[in-house]
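As structure tokens, the structure follows; a few thoughts come after it.
Worth knowing before you read on, the calculation uses all heavy atoms, side chains too, and leaves out hydrogens, waters and symmetry mates. In this text, all values refer to a predicted model and were calculated from it rather than measured experimentally.
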Amino acid sequence: IMSWQFCLLAFVAALSTAAALKEGECEVCVKYLTKLSESLSSEEKGTPAKIEKKFKEICKTAKGKENRFCYYLGGLEESATGILSEMSKPLSWSLPPMKVCEKLKKKDTQICDLKYDKQIDLKNVDLKKLKVRDLKKILNDWDETCDDCLEKGDYIRRIEQLKPKYVKSEL
């Protein structure tokens, strides 16, 4: 009799750990919902509708992976579907962002596939060794353009020219 109870207990334990997020998993979801949660006033925190309104507001300026996350949840005008209530209700109950992301993952696995691009250490990197795509990404991250850039050297010159504005050197 004890062996089947043990098997059942082991099975339940395996199920509960399978749902838990691993370290670094769902990083865009967790970070973005943490940012959202911290931006909410105490009056907004308990109301799903107000949380959704605030989410849509901050999604308007979201870029890259965060913009994609907003799209998946339904926080953008062009979002095809929306599962905003799956995010706003648990947040309104003060569920931590990590747990909210676990719930969202069950609804749409793509949400947890989003990962931030690795940041380039601009103080120590040799720009000549980067691909043009990476050089363009640096400019894009800075909201800068290089309209007359045709070759890799043009992008490198533009980045070097803008570096003092964006890369602060420690004393």
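- Atoms CD and CE, on Glu102 and Met98 in that order, are 7.0 Å from each other to the nearest 0.5 Å.
- Using a distance-only test at 3.5 Å, with no hydrogens or angles considered, no donor-acceptor pair links the side chain of Ser79 to the main chain of Gly82.
- Relative to the ring axis of Tyr155, Arg158 does not place its NZ or CZ within 45° and under 6.0 Å from the centre.
- Glu43 places a side-chain heavy atom less than 4.5 Å from the side chain of Lys50.
- Residues Asp148 and Asp154 fail the side-chain proximity criterion, which asks for heavy atoms closer than 4.5 Å.
- A donor-acceptor pair under 3.5 Å links the side-chain atoms of Lys152 to the main chain of Leu130, judged by distance alone.
- Leu84 CG to Phe55 CZ: the interatomic distance, rounded to the nearest 0.5 Å, is 6.0 Å.
- Side-chain atoms of Thr34 come within 3.5 Å of backbone atoms of Val30 as a donor-acceptor pair (strictly under, hydrogens ignored).
- Glu86 has no carboxylate O lying under 4.0 Å from a charged side-chain N of Lys103, or vice versa, which leaves the two without a salt bridge.
- Rounded to the nearest 0.5 angstrom, Cys146 SG and Leu135 CG are separated by 10.0 Å.
- Note that the CG atom of Asp134 and the CG atom of Leu139 stand 11.5 Å from one another [nearest 0.5 Å].
- Ion pairing between Arg157 and Glu160 fails under the 4.0 Å rule for side-chain N and carboxylate O.
- Cysteines Cys29 and Cys101 have SG atoms closer than 2.5 angstrom.
- Residues Ile51 and Leu36 form a side-chain contact, since some pair of their non-hydrogen atoms from C-beta on lies under 4.5 Å apart.
- A search for ring pair (Phe, Tyr, Trp, His ring centres under 6.0 Å) contacts involving Phe69 returns Tyr32, not counting sequence neighbours.
- Of the inter-residue distances, the one linking Tyr71 atom OH with Ile111 atom CD1 reads 12.5 Å to the nearest 0.5 angstrom.
- Remark: Lys89 NZ to Trp93 CH2 distance equals 7.0 Å, nearest 0.5 Å.
- Residues Lys45 and Ser92 are not in side-chain contact: their nearest non-hydrogen atoms beyond the backbone lie 4.5 Å or more apart.
- For the cysteine pair Cys70 and Cys59, the distance separating the two SG atoms is below 2.5 Å.
- The two atoms that bring Leu91 and Leu95 nearest to each other are CD2-O, 3.8 Å, heavy atoms only.
- Take Asn140 and apply the side chain to side chain donor-acceptor pair (under 3.5 Å) test, not counting sequence neighbours, and it matches no residue.
- Counting only heavy atoms from C-beta outward, the side chains of Glu52 and Ser85 approach each other to under 4.5 Å.
- Residues passing the side chain to side chain donor-acceptor pair (under 3.5 Å) test with Asn124 are Asp121, sequence neighbours excluded.
- When side chains are defined from C-beta on, Ile83 does not count as touching Met87, because their heavy atoms never get closer than 4.5 Å.
- Around the NZ atom of Lys115, the shell of radius 6.0 Å holds more than 12 heavy atoms that belong to other residues, nucleotides or ligands.
- A salt bridge links Lys165 with Glu144: at least one charged nitrogen is closer than 4.0 Å to a carboxylate oxygen.
- Minimum heavy-atom separation, Leu114 to Glu27: O-CG, 4.1 Å.
- A continuous path of Ile, Leu, Val, Met, Phe, Trp and Tyr side chains, each step under 4.5 Å between heavy atoms, connects Tyr116 with Leu73, placing both in one hydrophobic cluster.
- Side-chain contact check for Asp117 versus Asp141: every heavy-atom pair is 4.5 Å or farther apart.
- Using a distance-only test at 3.5 Å, with no hydrogens or angles considered, no donor-acceptor pair links the side chain of Glu66 to the main chain of Lys63.
- In the displayed structure, Lys56 atom NZ is contacted under 6.0 Å by at most 12 heavy atoms of other residues, nucleotides or ligands.
- In this structure, Asp108 contributes its side chain and Lys105 its backbone to no donor-acceptor pair below 3.5 Å.
- Counting non-hydrogen atoms of neighbouring residues, nucleotides and ligands closer than 6.0 angstrom, the NZ atom of Lys163 exceeds 12 such neighbours.
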After noting the C-alpha distance and the side-chain angles of Val167 and Trp142, does the key distance pass the side chain to side chain contact (heavy atoms under 4.5 Å, CB included) rule?
CA-CA 10 Å; Val167 182; Trp142 289 346; 4.0 Å; yes
